Amino acid sequence: MRHLSLAASASVIVLAVLAWLGAGWLCYNNWVRSGNRRMAARLETLRFILMTLLAFTLLRPEYVETLERTSMPEIAILTDASDSMKTRDISLTNGVISREDWLGRQKARRFWQPLQSKAKVAVESFASPSTNQNALNGTDLNQALEDALHRFKNLKAVVLLTDGDWNLGQSPLSAATQFREQNIPIFAVPVGRETPVPDLILDAISAPAYGLLGEEIAVSFKVVSHLPREVKTTVAISDNFGETATKDITIPAQGVVEDSILWSPREVGNIEGKVQLPVEKDEAIAENNQRTFAMAVRVEKLKVLVVDSLPRWEYRYLRNALARDPGVDVHCLLWHPDMGAGAGLNYLSAFPDTKEALAPYDVVFLGDVGLGQGELTENDAELLKGLVEQQGSGLVFVPGRRGREATLLNSPLADLFPVELDSSKPGGVGLENEAQLMLTSTGKRHWLTRFDSDEDKNDELWKQLPGFFWSASVEKSRPGSEVLAVHGALRNQWGRMPLLVTRPAGNGKVLFLGTDSAWRWRRGVEDKFHYRFWGQVVRWMAHQRHLSEKDGMRLSYSPETPQAGDTVFLQCTVLDQSGFPVDKGPVTGKVTSPSGRTERLDFSQVEGGWGVFKSSFTAQEAGVYKLQADSEPYNRHLTTELSVSRPLIEKEGQPVNTQILAEIASLTQGATFSPAELDKMIGQIALLPEPKPIERRIRVWSEPAWGGTILFLLTVYWVGRKWAGLV
């Protein structure tokens with residue numbers, strides 16, 4: 001059925017008719033008064049036609065086409081096939097079954113049979129796991145509903161059987177709005193229980209992309225408990241070479257524990273690690289008690305520069321600790337007042353005052369030194385700042401009683417300090433009684449301060465360490481800093497004085513230790529804690545610089561262990577044949593995804609003259625990516641691999657999302673039913689009225705072709721008047 005409809009009100013119609021009649025009267029008078037009646041008749045007729053079309057447009061005409069439905073109405077039954085449906089939480093008289101099994105039983109008995117006499121019933125699954133192991137598995141509930149709306153042309157209703165766990169795409173309320181506009185109700189059945197099943201979940205783990213041979217590596221983990229009791233258990237980590245480590249933890253009832261376990265690989269190569277929890281007897285799901293990770297173990301030589309003025313005890317023992325570390329190549333510069341620079345094995349006679357000389361150092365220690373007096377210059381401070389912020393090196397401040405670090409606050413290094421020093425006490429604070437470093441809550445969990453994998457035992461060890469009688473005078477930490485330890489005796493208006501503080505600076509890291517008495521930790525235990533602390537500091541600070549390097553080119557990336565969907569930021573440092581940072585590009589590259597798709601990378605140069613270039617890409621897939629960076633003018637090439645993990649977004653044991661299902665049903669004027677009311681829901685759907693005829697409306701007044709026709713006739717009319725000489 002087709003007809004023309006006018007959307008204008010009665011008053012507009014009256015005005016349009018009057019305007020049309022007035023236009024006709026004017027056209028007639030113009031024709032009568034004209035000397036050339038034949039030409040005037042043509043022009044006035046065209047003008048009257050134009051006025052007729054314009055008046056008709058004001059009435060907003062619409063072409064209406066009504067399509068009667070001749071085929072049987074359709075009912076779509078959508079069933080969730082995602083991994084979360086494997087959760088075993090549906091209780092029956094003969095036991096507990098999974099959501100997936102319950103759906104299978106309902107399909108087997110064909111619960112929709114009462115509807116087949118009045119409608120075509122289509123049963124379809126959505127969110128089935130992909131066969132591609134690198135693909136991201138999840139539930140896009142919105143897409144499933146939209147697909148049904150577009151594929152079925154005579155849809156009467158939709159039945160949605162799911163746990164409501166949508167974790168991909170837009171909100172399903174977007175699709176529900178489209179259903180509402182077409183008067184198609186959605187009936188939802190939440191499949192599962194509304195509370196979590198009793199379970200212990202190893203929810204997440206995080207391991208670095210690489211580790212050094214013999215280094216203790218911290219692998220962080222998160223355990224979530226849905227058990228109604230406290231659980232004392234053991235987290236175990238193992239690798240394919242047989243190395244294992246364990247840690248005892250206590251998880252409160254319905255609680256969460258985030259911690260880390262220290263593990264030391266003993267073989268060089270690619271490690272396949274596994275972190276796991278024992279399965280408790282009352283757990284419903286055993287499969288989520290373990291996770292795996294991949295990591296490369298390498299042998300690296302870290303380059304360290306130690307700069308100080310007096311050969312104080314801290315300097316002597318720090319130098320010995322680094323010199324005896326097989327993974328460290330240490331150079332020292334000792335500016336003894338009035339005696340010139342110290343000399344000896346691995347000693348420098350002057351500070352490396354060029355980018356070429358300073359760039360190789362991974363970590364620089366600044367002791368009781370400052371600007372002037374034959375020590376650092378403004379240029380040296382500027383170079384150190386660039387080394388940290390652009391090259392990603394580490395900088396450690398270890399002040400002394402001379403108070404020379406206060407002069408650095410008037411240099412480019414001022415922005416790097418993690419703390420604000422008390423300018424009224426540049427020489428620090430001395431005590432008659434021994435004081436100790438007290439770990440903060442952050443320090444108790446930080447890898448730098450770990451002497452024992454057990455957090456409580458580690459805290460006790462720090463309390464038993466020999467203390468100090470002098471410290472720098474610190475007012476407070478700066479924004480963005482992490483305070484790991486504070487003064488055990490002194491406090492000010494901001495609280496306890498922070499003495500062990502870290503802070504990121506550009507691509508690098510900065511550490512401030514406000515006492516020069518860490519060497520006293522050797523009392524009774526020799527090198528056990530002193531060597532370990534400084535070894536951890538050096539490796540933690542140098543870690544980012546050695547993610548990937550080869551022949552004058554270094555490539556680092558962040559995040560270090562990305563997941564599919566993350567944006568990966570790349571930083572490439574290029575040195576010329578002489579080892580000097582290059583001053584111009586180009587640097588190009590490409591990234592190859594696990595599926596073989598190749599993307600070009602264009603690196604942009606970072607200002608500062610340190611040979612740093614940056615780029616980025618989005619990791620759409622999980623798996624191993626191949627990264628390539630090239631600098632043809634300097635014959636520098638580097639190829640490495642980046643492992644991208646697949647985030648586990650489909651989790652077993654989660655409660656059903658009844659809220660979103662209720663909103664979908666309410667918005668579409670449907671309803672929600674419990675699994676036990678499935679047959680009742682079918683009966684209600686059978687009583688629904690037949691779908692209304694489809695009505696299609698074409699707004700003639702706003703169609704481009706209609707407006708184009710009027711414009712064309714206006715042009716012809718105006719040209720005709722010009723040609724007839726009537727203007």
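Along the sequence shown, residues are numbered consecutively beginning with 1. Keep in mind it's a predicted model, so treat the numbers as computed, not measured.
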*Asks:* Give a yes or no on whether the backbone of Gln620 and the side-chain of Thr618 come within a donor-acceptor separation of less than 3.5 Å.
*Replies:* no
*Asks:* Taking all non-hydrogen atoms of both residues, which atom of Ala207 and which atom of Thr561 are closest, and how far apart?
*Replies:* O-CG2, 3.0 Å
*Asks:* Please list all pairs passing the salt bridge (charged side-chain N to carboxylate O under 4.0 Å, His left out) test where one or both residues lie in residues 699-714, with sequence neighbours left out.
*Replies:* Glu62-Arg699
*Asks:* When you measure from the side chain of Ser666 to the backbone of Ala662, do you find a donor-acceptor pair of N or O atoms at a distance under 3.5 Å?
*Replies:* no
*Asks:* Taking only residues two or more places apart in sequence, or in another chain, which ones meet Glu44 in a salt bridge (charged side-chain N to carboxylate O under 4.0 Å, His left out)?
*Replies:* Arg47
*Asks:* Would you say Asp199's side chain and Ile201's backbone share a donor-acceptor pair under 3.5 angstrom?
*Replies:* no
*Asks:* Taking all non-hydrogen atoms of both residues into account, name the closest pair between Asp566 and Pro559 and its distance.
*Replies:* OD2-CG, 4.3 Å
*Asks:* Would a distance-only check, ignoring hydrogens and angles, find a side-chain to backbone donor-acceptor pair under 3.5 Å from Gln563 to Pro647?
*Replies:* no
*Asks:* Step by step, work out the side-chain hydrogen bond (donor to acceptor under 3.5 Å, both in side chains) result for Glu650 and Ser84.
*Replies:* CA-CA 5 Å; Glu650 283 289 336; Ser84 63; 3.1 Å; yes
*Asks:* Do Trp706 and Phe56 touch side chain to side chain, with heavy atoms closer than 4.5 Å?
*Replies:* yes
*Asks:* Taking salt bridge (charged side-chain N to carboxylate O under 4.0 Å, His left out) as the test, write out the residues that go with Asp602, two or more places apart.
*Replies:* Arg600
*Asks:* Might you work through the side-chain contact (heavy atoms from CB on, under 4.5 Å) test for Ile75 and Trp112, ending with a clear yes or no?
*Replies:* CA-CA 10 Å; Ile75 296 176; Trp112 58 85; over 6 Å; no
*Asks:* Mind checking what makes side chain to side chain donor-acceptor pair (under 3.5 Å) contact with Ser91, not counting sequence neighbours?
*Replies:* none
*Asks:* Within a reach of under 6.0 Å around CD of Gln113, are more than 12 heavy atoms found that belong to other residues, nucleotides or ligands?
*Replies:* yes
*Asks:* Can a donor-acceptor pair be found, under 3.5 Å and without considering hydrogens, that links the side chain of Ser548 to the backbone of Leu555?
*Replies:* no
*Asks:* Is it true that a side-chain atom of Ser616 and a backbone atom of Phe569 form a donor plus acceptor pair closer than 3.5 Å?
*Replies:* no
*Asks:* Using the test salt bridge (charged side-chain N to carboxylate O under 4.0 Å, His left out), find all partners of Arg151 that sit at least two apart in sequence or belong to another chain.
*Replies:* Glu124
*Asks:* Look at the side chain of Glu194 and the backbone N and O of Thr658, then say whether any donor-acceptor pair between them is shorter than 3.5 Å.
*Replies:* no
*Asks:* Taking only distance into account, with no hydrogens and no angle test, what donor-acceptor pairs under 3.5 Å do side-chain atoms of residues 11-26 form with protein atoms, sequence neighbours excluded?
*Replies:*
from	atom 1	to	atom 2	distance (Å)
Ser11	OG	Ser9	OG	3.2
Trp20	NE1	Thr52	OG1	2.7

*Asks:* Sequence neighbours left out, what passes salt bridge (charged side-chain N to carboxylate O under 4.0 Å, His left out) with Asp140? Give chain and number order.
*Replies:* none
*Asks:* Excluding sequence neighbours, so at least two apart, what forms ring pair (Phe, Tyr, Trp, His ring centres under 6.0 Å) with Phe111?
*Replies:* none
*Asks:* Taking the basic N atoms (NZ, or NE/NH1/NH2) and the acidic carboxylate oxygens, is any pair closer than 4.0 Å for Lys651 and Asp203?
*Replies:* yes
*Asks:* Could you give me the CA-CA distance, side-chain angles and deciding distance for Asp163 and Met85, then say whether side-chain contact (heavy atoms from CB on, under 4.5 Å) is met?
*Replies:* CA-CA 7 Å; Asp163 55 14; Met85 296 296 288; 3.5 Å; yes
*Asks:* Please list all pairs passing the salt bridge (charged side-chain N to carboxylate O under 4.0 Å, His left out) test where one or both residues lie in residues 76-90, with sequence neighbours left out.
*Replies:* Asp83-Lys86, Asp89-Arg99
*Asks:* Tell me, please, which residues at least two apart from Asp101 pass side chain to side chain donor-acceptor pair (under 3.5 Å).
*Replies:* Ser98
*Asks:* What do you reckon, is NZ of Lys107 surrounded by more than 12 foreign heavy atoms closer than 6.0 Å?
*Replies:* yes
*Asks:* More than 12 non-hydrogen atoms from neighbouring residues, nucleotides or ligands closer than 6.0 Å to OH on Tyr63, yes or no?
*Replies:* yes
*Asks:* Hey, is the main chain of Leu200 close enough, under 3.5 Å, to the side chain of Glu283 for a donor-acceptor pair?
*Replies:* yes
*Asks:* Could you pull out all residues at least two apart from Glu100 that satisfy side chain to side chain donor-acceptor pair (under 3.5 Å)?
*Replies:* none
*Asks:* Determine whether Thr162 and Leu78 satisfy the following criterion, side-chain contact (heavy atoms from CB on, under 4.5 Å), listing intermediate values before the conclusion.
*Replies:* CA-CA 8 Å; Thr162 176; Leu78 306 180; over 6 Å; no
*Asks:* Side chains of Ile660 and Pro172: closer than 4.5 Å at any heavy-atom pair?
*Replies:* yes
*Asks:* For Gln669, which residues count as a side chain to side chain donor-acceptor pair (under 3.5 Å) partner, sequence neighbours excluded?
*Replies:* none
*Asks:* With side-chain contact (heavy atoms from CB on, under 4.5 Å) as the test, would you mind laying out the steps for Phe126 and Leu141 before giving the verdict?
*Replies:* CA-CA 8 Å; Phe126 65 92; Leu141 194 53; 3.7 Å; yes
